[in-house]
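Atom set for the values below is all heavy atoms of this structure, side chains included, hydrogens, waters and symmetry mates excluded. This one's a predicted model, so the numbers in the text were calculated from it and none came from an experiment.
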Amino acid sequence: IAKDIMMSARRLKHEEALFHFTRALELDPRLSDAACGRGRALQRLGHLQEAESAYVKALEIDPENAEAQRSIVALRSHHLLAVTSEKPAR
């Protein structure tokens, strides 16, 4: 039960972070760090395509955003590994 409670608490924390990053972007759409934070929250909630879009947005705003660069590479690498491991053996 304690494990379930901890998982719920983490999920709520990520949902709250997502809310705040989204709100920050509504107030100022030029905040690259907010777009990146939104991507991180989405990724931790399991919304990988939306996370990738948020990282892309962060890089459109600031192509030098190192965290967004690393995060999108890691996300895409993880996705490629998952896709290749799902292919059935012949």
Nearest 0.5 Å please: distance from the [atom1] atom of [X] over to the [atom2] atom of [Y].
X     : Y     : atom1 : atom2 : result
Ile61 : Leu25 : CD1   : CG    : 6.0 Å
Gln69 : Cys36 : CD    : SG    : 10.0 Å
Leu31 : Lys57 : CG    : NZ    : 10.5 Å
Leu75 : Arg70 : CG    : CZ    : 14.0 Å

Using a 3.5 Å cut-off and no angle test, enumerate the donor-acceptor pairs between side-chain atoms of residues 40-51 and protein atoms at least two apart in sequence or in another chain.
from	atom 1	to	atom 2	distance (Å)
Arg40	NH1	Glu67	OE1	3.4
Arg40	NH1	Glu67	OE2	2.0
Gln43	OE1	Tyr55	OH	2.7

Requested in this report: Assess whether salt bridge (charged side-chain N to carboxylate O under 4.0 Å, His left out) is satisfied between Glu16 and Lys13, documenting all intermediate values.
Outcome: CA-CA 5 Å; Glu16 184 176 345; Lys13 182 178 176 181; over 6 Å; no
**Report entry** Non-hydrogen side-chain atoms of Arg23 and His20 separated by less than 4.5 Å
**Finding:**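 Result no, sub-4.5 Å side-chain heavy-atom pair not found.
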Report task. Return the set of residues passing side-chain contact (heavy atoms from CB on, under 4.5 Å) with Asp62 (not counting sequence neighbours), or none when no residue passes. Result ->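 For Asp62 the side-chain contact (heavy atoms from CB on, under 4.5 Å) partners, ignoring immediate neighbours, are Ser32, Glu64, Asn65.
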Query raised in the report: Could you go step by step and tell me if Val56 and Glu60 meet the side-chain contact (heavy atoms from CB on, under 4.5 Å) rule?
Result: CA-CA 6 Å; Val56 168; Glu60 287 172 355; 3.6 Å; yes
